[in-house]
2 protein chains.
Amino acid sequence: MKLTTRGRYAVTAMLDLAIHGENRPVSLADISGRQEISLSYLEQLFAKLRRGALVDSVRGPGGGYRLAHNREAIFVAQIIDAVDESVDVTNCQGKGNCHHGEVCLTHHLWQDLSDQIHDFLSGISLADLVNNRGGKGAARSADTVQKLILQ
Amino acid sequence: MKLTTRGRYAVTAMLDLAIHGENRPVSLADISGRQEISLSYLEQLFAKLRRGALVDSVRGPGGGYRLAHNREAIFVAQIIDAVDESVDVTNCQGKGNCHHGEVCLTHHLWQDLSDQIHDFLSGISLADLVNNRGGKGAARSADTVQKLILQ
DNA sequence: CTAAAAACCTAGTAAATTACTTGGTTTTTT
DNA sequence: AAAAAACCAAGTAATTTACTAGGTTTTTAG
């Protein structure tokens with residue numbers, strides 16, 4: 001399945017951007033420092049995020065990246081789609097040619113799971129994450145959020 | 001995340017077993033032939049499935065594997081857990097030490113997604129798959145099912 | 001107007017994982 | 001006794017992933 005560390009990194013970086021980028025653009029060097037993701041790796045991820053129209057870039061000193069839309073309008077599924085190409089758990093990437101050119105025994109199972117995951121992640125915006133409402137809304141203590149935001 | 005080809009192979013093989021193993025045990029050589037999975041790889045998977053008490057083995061000629069429970073009582077999540085260890089999308093395997101020993105920004109998101117996937121796959125039994133009710137019950141034409149079962 | 005900060009780009013590489021191979025042994029049936 | 005099967009351990013090829021190296025271009029601040 002396409003749900004790897006790459007996607008996690010991308011969501012984390014976008015969340016960092018949502019938290020720290022209200023006024024000025026945020027440089028990848030800053031995100032790299034805070035989230036401990038290699039700068040050059042971030043560059044590669046943000047190239048994809050930009051192609052996916054999720055962020056805008058500002059070049060030159062004082063530049064960096066900005067969210068291309070507001071927090072409420074950027075969903076986790078979009079981020080993962082942008083960097084991982086797809087959230088797909090089938091073997092045949094949904095083509096249905098997994099067994100001698102026909103659908104394999106479990107094709108529909110994986111297809112349905114894929115859809116399920118995509119639906120789940122499509123319902124969660126960056127705003128939800130900032131406001132601590134990831135998924136079912138697992139509790140996160142107020143001071144943990146503070147620590148994470150203020151570092 | 002732990003949702004790889006290994007898990008898919010395991011579910012496919014177990015489904016093959018459910019379909020072909022009503023009377024006699026099914027040898028891995030048979031499954032290997034039908035599903036095009038390397039025999040030795042199947043052996044490794046079935047060692048784990050046996051440790052997970054999902055199948056029983058019968059040694060000697062005419063031997064093979066049998067489901068350890070009936071189709072209704074074996075769920076996809078159990079199969080994947082047995083071969084992939086866990087269906088976990090967090091970076092820290094649920095430990096919550098992903099960022100300087102604290103939970104990372106997106107920990108709860110991945111935790112919730114993990115739970116979601118696990119719940120989904122826990123609701124689908126081998127019997128459901130045999131009867132073509134994977135997940136939301138995507139339609140599969142009757143003759144496709146025939147082809148798959150009768151090969 | 002120049003130095004520096006940033007994005008932007010390409011290619012390569014190290015590490016990890018995955019799928020598979022090899023070459024056995026043990027058990028049990030015919 | 002031969003053969004069919006499970007069972008086992010170690011190694012390997014292929015792929016993917018995360019990261020590094022080494023640039024260029026753009027733009028701002030001084």
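Throughout, protein chains are lettered first and strands after them, A, B, ... in sequence-line order, and every chain is numbered starting at 1. Computed from a predicted structure; not experimentally measured.
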Distance, rounded to the nearest Å, where B:Asp30 contributes CG and D:dA4 contributes P: 13 Å
Taking only N and O in the side chain of A:Tyr9, is any of them less than 4.0 Å away from OP1 or OP2 of D:dT17? no
Ignoring backbone atoms, test whether B:Arg8 places a side-chain nitrogen or oxygen under 4.0 Å from the OP1 or OP2 oxygen of C:dT18. no
Taking side-chain contact (heavy atoms from CB on, under 4.5 Å) as the definition, give me every residue that meets it alongside A:Arg71, ordered by chain and number, with sequence neighbours left out. A:Ala18, A:Glu22, A:Leu67, A:Leu126, A:Ala127, A:Val130
Counting only N and O atoms by type, is there a donor-acceptor contact under 3.5 Å from the side chain of B:Thr12 to the main-chain atoms of B:Arg8? yes
Does B:Ser57 put a side-chain nitrogen or oxygen below 4.0 Å from OP1 or OP2 of D:dC7? yes
Got A:Tyr65 and A:Pro25 here, is their nearest side-chain heavy-atom distance under 4.5 Å? no
Whole Å only: how far is the NZ atom of B:Lys48 from the P atom of C:dA19? 11 Å
How would you label the contact of A:Arg51 with the nucleic acid (heavy atoms, under 4.0 Å): base, sugar-phosphate, or nothing? nothing
Atom CZ of A:Arg24 and atom P of C:dA7: how far apart are they, to the nearest Å? 13 Å
If you look only at pairs with a residue in residues 24-45 of chain B, which of them pass as a ring-ring contact (aromatic ring centres under 6.0 Å, His included), with sequence neighbours excluded? B:Tyr9-B:Tyr41
Hey, could you give me the CG/CG distance between B:Leu39 and B:Asp30, rounded to the nearest 0.5 Å? 10.5 Å
With a 4.0 Å heavy-atom cut-off, tell me which residues in residues 59-67 of chain A come close to DNA chain D, sorted by residue number. A:Arg59, A:Gly60, A:Pro61
Main-chain N/O of A:Gly62 paired with A:Arg24 side-chain donor or acceptor, under 3.5 Å: no
Hey, what do you get for CD1 (A:Ile31) to CD (A:Glu36), rounding to the nearest 0.5 Å? 14.0 Å
Do B:Val11 and B:Leu42 sit in one hydrophobic cluster, given that two such residues count as connected whenever their side-chain heavy atoms are within less than 4.5 Å of each other, even indirectly? yes
Using a heavy-atom distance cut-off of less than 4.0 Å, which residues of residues 38-47 of chain A contact DNA chain D? A:Ser38, A:Ser40, A:Tyr41, A:Gln44
Looking across every strand, which nucleic acid part, if any, lies under 4.0 Å from A:Leu28 by heavy atom: base, sugar-phosphate, or nothing? sugar-phosphate
Could you point out which residue of A:Leu17, A:Val55, A:Val58 forms a side-chain contact (heavy atoms from CB on, under 4.5 Å) with A:Val26? A:Leu17
Sequence neighbours left out, what passes side-chain contact (heavy atoms from CB on, under 4.5 Å) with B:Asn70? Give chain and number order. B:Glu72, B:Ala73
With a cut-off of less than 4.0 Å, is there a side-chain N or O of B:Arg50 near OP1 or OP2 of D:dC7? yes
Compare all side-chain heavy atoms of A:His118 with those of A:Asp81 and state whether any distance is below 4.5 angstrom. yes
Please enumerate all protein N or O atoms sitting under 3.5 Å from an N or O of nucleotides 13-16 of chain C, with distances to 0.1 Å.
none

